[in-house]
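Input: one structure, supplied below.
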Amino acid sequence: MMNRLADATSPYLLQHRDNPVDWQEWGEEAFAEARARNVPVLLSVGYAACHWCHVMAHESFEDDTVAAAVNERFVAVKVDREERPDIDAVYMSAVAATTGHGGWPMTVFLTPEGDPFFCGTYFPRDHFLRVLAALDEAWRTQEQQVRASGAHVAGTLGDLLRPEAPGQVDAGSLDEAVEELSRTFDADAGGFGGAPKFPPSMVLEFLLRQHARTGHDLSLRMADRTLTAMARSGTYDQLGGGFARYAVDARWVVPHFEKMLYDNAQLLRVYAHWWRLTRNPLAQRVVRETAEFLLTALRTDEGGFASSLDADTEGVEGLTYVWTPDGLVEVLGDEDGRHAAELFGVTDEGTFEHGRSTLQLQADPDDTPWFADVRARLATHRATRPQPGRDDKVVTAWNGLAVAALADAGALLDEPEWVRQARRCAEFVLDTHVVDGRLRRASRDGRVGAALAVADDHGDLAEGLLALHQATGEARWLDAARGLLDDATQRFAADDGGFHDSGSDAEQLYLRPRSASDNAEPSGQAALAGALVTLGALTGSAAAIEAGRRATEAGLGLATREPRFGGWTLAVAEALVAGPLQVAIVAAPAPEIGSDTSPLNSSSSGTRTSAITSAGTSVNAERLLAVARSSSSPGLVLVHGEPDSPGIPLLEGRPLVDGEPAAYVCRGFVCDRPVTDPAELAAALATPLATPPASAPADAGAATLSEG
């Protein structure tokens with residue numbers, strides 16, 4: 001039978017459109033039907049790349065017996081957690097509170113009013129049939145008690161999920177967070193805690209920032225070991241680039257094979273920042289390969305980035321990616337195959353299932369050309385295998401993370417194509433996902449979905465636009481980010497200075513979701529905090545910085561106590577303690593493109609990433625820009641362009657010096673004299689801010705913008 005998912009924009013929902021279960025999307029129509037029939041709602045939440053979601057679908061939702069039981073006794077609602085993170089968050093809190101754990105598929109039974117009364121995750125078919133029968137009987141014979149139980153769960157969760165006491169942004173609390181992280185640090189294998197291990201991208205960003213501010217060895221050692229271990233492991237795709245969602249073991253050998261946009265965008269940026277700090281060639285290789293993975297495997301025709309690649313291929317987890325020694329010999333020949341097996345850790349016993357192995361690279365080979373040839377031949381062969389499915393839903397928040405990563409990495413490694421693709425993605429999201437002035441959560445094939453954007457959509461997209469502004473010098477991205485954040489501070493604000501996850505205009509669920517903890521991606525509150533701090537530094541807005549500070553403090557109590565779950569909050573706090581450090585580089589207009597004196601003609605790619613070089617400058621301006629970009633200061637923001645460029649506050653009143661390009665450096669809203677020598681700029685940026693102000697002075701914006 002055809003159920004009611006055929007017109008969904010979510011690939012996950014479309015995977016279930018031919019189930020015999022009469023699924024429908026979340027909405028008033030489903031709950032009205034439940035009230036009219038007086039039956040409970042079966043809420044099933046998952047996502048397209050989820051292995052166990054597929055297992056439960058095959059075992060139960062494609063089974064006629066299960067479907068008959070569901071259709072007769074319940075209203076069945078299917079939700080993509082990536083499209084509706086608000087629904088996922090509030091019902092996952094019920095699952096975690098009542099069962100002690102969470103995960104997907106999430107299976108929750110609701111009253112017709114939406115209160116959860118029975119919660120779980122994956123159920124095998126026979127167990128699920130027993131659950132359906134028991135809950136149907138309970139509803140028919142004890143309806144009032146079931147309703148009372150649901151109301152009690154909803155009310156109790158509302159009390160339990162009140163925000164924690166805020167923390168204070170200061171150097172001491174950040175040092176304590178590093179010490180707390182060291183207690184669970186795996187010095188041998190990298191990462192924190194035991195199996196399973198998830199790439200701690202935001203924690204690593206915090207540690208890199210902490211080392212850049214303080215010079216402390218401990219934070220860099222933990223970051224170095226973890227970044228190295230992940231890059232050389234089976235969790236990293238040694239042939240195609242990009243990271244899997246997590247490792248099922250403590251040594252990163254066997255991944256859960258799905259590849260998520262949000263992981264790879266954040267890790268691309270972290271590895272770029274690791275390279276900036278250390279110039280480690282492994283970091284640069286991972287940056288280049290992961291950027292290539294994003295641009296080839298996840299980019300959509302419209303210019304956005306797809307959400308994920310599936311864990312399964314033809315129903316078999318990891319089928320595309322694993323190898324045997326004989327398989328390597330078959331592709332490479334006897335000698336090269338045996339050498340490759342030794343190099344990649346492919347054994348007769350196997351490191352995965354059924355004698356198959358993931359590929360690891362614990363040391364780089366001496367013969368670089370041979371290795372490049374072997375990788376190319378293996379990748380070509382792997383491309384002939386069945387490939388995992390792709391969830392080509394374009395999620396606003398995750399595309400914002402991708403824009404930030406590609407803009408940052410492209411500027412740092414002088415890869416203008418990466419910046420161009422970041423620009424293209426930003427244009428697509430702003431053109432497609434803003435409907436009647438309101439940001440939406442996701443689209444597919446250029447068709448935007450109905451779900452409203454949540455807090456992290458605004459924060460992560462603004463973060464990406466601000467990174468793109470700094471990479472290109474284009475004022476339009478600053479303007480767009482400011483509009484998003486102005487809207488967000490109105491729609492998501494909480495009384496304590498933090499932010500709710502859902503907007504004031506969003507559907508009211510049994511509780512309004514709000515999380516201070518970072519999970520696989522920044523919480524909405526932390527994402528908005530970080531973007532506000534950056535916006536304030538770029539515009540001289542004391543109000544924006546103070547709003548970012550208050551939102552950071554709202555999550556800092558949890559982050560300092562449990563730093564593994566507060567990485568982005570801690571990273572934003574580092575920016576507050578170290579900054580703002582504002583760098584404005586001005587240069588004269590360039591000759592027309594194509595003239596003999598144009599610096600554009602010296603680029604092998606024929607294009608340049610920055611507005612300085614595209615609008616024109618001397619070689620010295622490029623050197624100033626390179627010096628500024630090489631700084632790892634957590635509080636640094638960088639603008640560049642012609643003096644008094646419209647729409648860029650930090651360039652106002654900043655003239656050339658004796659007709660030459662110049663760099664203006666301001667710390668904590670106090671400005672140095674301009675410099676024209678790259679060596680002087682490097683020395684200025686190496687000077688720490690001795691006593692950062694507790695908050696920006698009320699007239700900081702005017703003081704900064706009027707400094708000449």
Side-chain angles (χ1 to χ4, degrees), residues 227-244 247 251-255 257 259 264 267-268 271-272 274-275 278-299 309 313 318-352 354-388 390 406 409-410 413-418 421 604-605:
L227 289 160
T228 300
M230 292 194 305
R232 296 201 173 281
S233 75
T235 306
Y236 181 67
D237 186 344
Q238 302 296 340
L239 299 183
F243 291 84
R251 302 196 65 82
W252 309 98
V253 176
V254 179
F257 288 91
K259 290 181 175 180
N264 283 285
L267 288 166
L268 170 60
Y271 275 88
W274 185 36
W275 176 81
T278 66
R279 289 304 193 262
N280 187 321
L282 176 63
Q284 181 173 166
R285 178 168 69 82
V286 171
V287 169
R288 294 190 179 282
E289 292 172 0
T290 303
E292 185 67 13
F293 164 72
L294 288 182
L295 295 174
T296 56
L298 294 184
R299 185 171 50 180
L309 298 182
T313 301
L319 178 66
T320 302
Y321 302 104
V322 293
W323 297 82
T324 64
D326 288 344
L328 293 174
V329 168
E330 181 181 347
V331 176
L332 301 174
D334 186 63
E335 183 177 352
D336 284 350
R338 285 186 288 104
H339 188 186
E342 181 180 359
L343 183 67
F344 285 121
V346 177
T347 66
D348 291 330
E349 297 79 13
T351 59
F352 182 48
H354 312 300
R356 298 171 298 167
S357 296
T358 59
L359 300 186
Q360 305 172 69
L361 187 65
Q362 295 306 321
D364 291 332
D366 295 331
D367 190 341
T368 302
W370 173 86
F371 181 57
D373 176 65
V374 163
R375 287 183 75 236
R377 283 192 282 162
L378 292 176
T380 298
H381 176 80
R382 196 178 76 175
T384 67
R385 295 175 174 177
Q387 298 297 305
R390 187 173 86 159
L406 289 167
L413 274 68
D414 193 23
E415 289 289 347
E417 178 61 17
W418 300 354
Q421 293 301 333
S604 60
S605 65

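If you read the sequence from its start, that first residue is 1, and numbering goes on from there.
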Problem set entry | Exam field: side chain Arg390 to backbone Ala297, donor-acceptor pair closer than 3.5 Å | yes
Problem set entry | Heavy-atom side-chain contact between Asp336 and Arg377 under 4.5 Å | yes
Exercise. Between atom CG of Leu282 and atom CG of Asp364, what is the distance when rounded to the nearest 0.5 Å?
Worked result: 6.5 Å
For this session: Say whether, by atom type as modelled, one donor and one acceptor occur between the side chain of Gln387 and the main chain of Arg382 under 3.5 angstrom.
Result: yes
For this session: Starting at OG1 of Thr228, measure out to CD of Gln362 and round the result to the nearest 0.5 Å.
Result: 10.5 Å
Exercise. How far apart are the closest heavy atoms of Pro369 and Asp367, and which atoms are they?
Worked result: CD-OD1, 3.3 Å
For this session: Measure up the Trp323 and His381 rings against each other and bin them: parallel (under 30°), tilted (30 to 60°), perpendicular (over 60°).
Result: tilted
Exercise. Where is the tightest heavy-atom contact between Thr235 and Ala247, given as atom of each residue plus distance?
Worked result: OG1-CB, 3.5 Å
Problem set entry | Gap between atom OH of Tyr236 and atom OH of Tyr271 - 0.5 Å precision | 8.5 Å
For this session: For Asp366, look at atom CG and say whether over 12 heavy atoms of other residues, nucleotides or ligands are found less than 6.0 Å away.
Result: no
Exercise. For the atom pair OG1 (Thr347) and CD (Glu342), what is the distance rounded to the nearest 0.5 Å?
Worked result: 12.5 Å
Problem set entry | Heavy-atom check, side chain of Phe243 versus side chain of Val286, under 4.5 Å | yes
For this session: Heavy atoms only: give me the nearest Ala409-Ala272 pair and the separation to one decimal.
Result: CB-CB, 4.0 Å
For this session: Output yes when a side-chain donor or acceptor of Gln238 lies under 3.5 Å from a complementary backbone atom of Ser233, and no otherwise.
Result: yes
Exercise. Looking at Thr358, Thr351, Leu378, which one forms a side-chain contact (heavy atoms from CB on, under 4.5 Å) with Phe344?
Worked result: Leu378
Exercise. Say you draw a straight line from CG of Leu268 to CZ of Arg288; how long is it, rounded to the nearest 0.5 Å?
Worked result: 11.0 Å
For this session: Find out whether Phe257 and Val322 are in side-chain contact, i.e. whether some heavy atom of one side chain is under 4.5 Å from a heavy atom of the other.
Result: yes
Problem set entry | Check against side-chain contact (heavy atoms from CB on, under 4.5 Å), Leu295 and Leu406 | CA-CA 10 Å; Leu295 295 174; Leu406 289 167; 4.2 Å; yes
Problem set entry | Which atom of Pro255 lies closest to which atom of Ala244, heavy atoms considered | CB-CB, 3.5 Å
Exercise. Which distance, rounded to the nearest 0.5 Å, do you find between the CE of Met230 and the CH2 of Trp252?
Worked result: 5.5 Å
For this session: Specify whether Trp370 and His339 have parallel, tilted or perpendicular ring planes, treating 30° as the upper limit for parallel and 60° as the lower limit for perpendicular.
Result: parallel
Exercise. What closest approach, in Å, do Pro386 and Thr320 show between heavy atoms, and which atom pair accounts for it?
Worked result: O-OG1, 2.7 Å
For this session: Step by step, work out the side-chain contact (heavy atoms from CB on, under 4.5 Å) result for Thr324 and His354.
Result: CA-CA 10 Å; Thr324 64; His354 312 300; over 6 Å; no
Exercise. Do Leu413 and Trp275 pass the side-chain contact (heavy atoms from CB on, under 4.5 Å) test, and can you show the C-alpha distance, the side-chain angles, and the key distance before you say yes or no?
Worked result: CA-CA 9 Å; Leu413 274 68; Trp275 176 81; 3.6 Å; yes
For this session: Please report the C-alpha distance between Arg251 and Gln360 in whole Å, then the side-chain angles of each, then the deciding distance to 0.1 Å, and finally whether the side-chain contact (heavy atoms from CB on, under 4.5 Å) criterion is met.
Result: CA-CA 11 Å; Arg251 302 196 65 82; Gln360 305 172 69; over 6 Å; no
Problem set entry | Over all atoms of both residues, closest heavy-atom pair of Leu343 and Ala363 | CD1-O, 3.7 Å
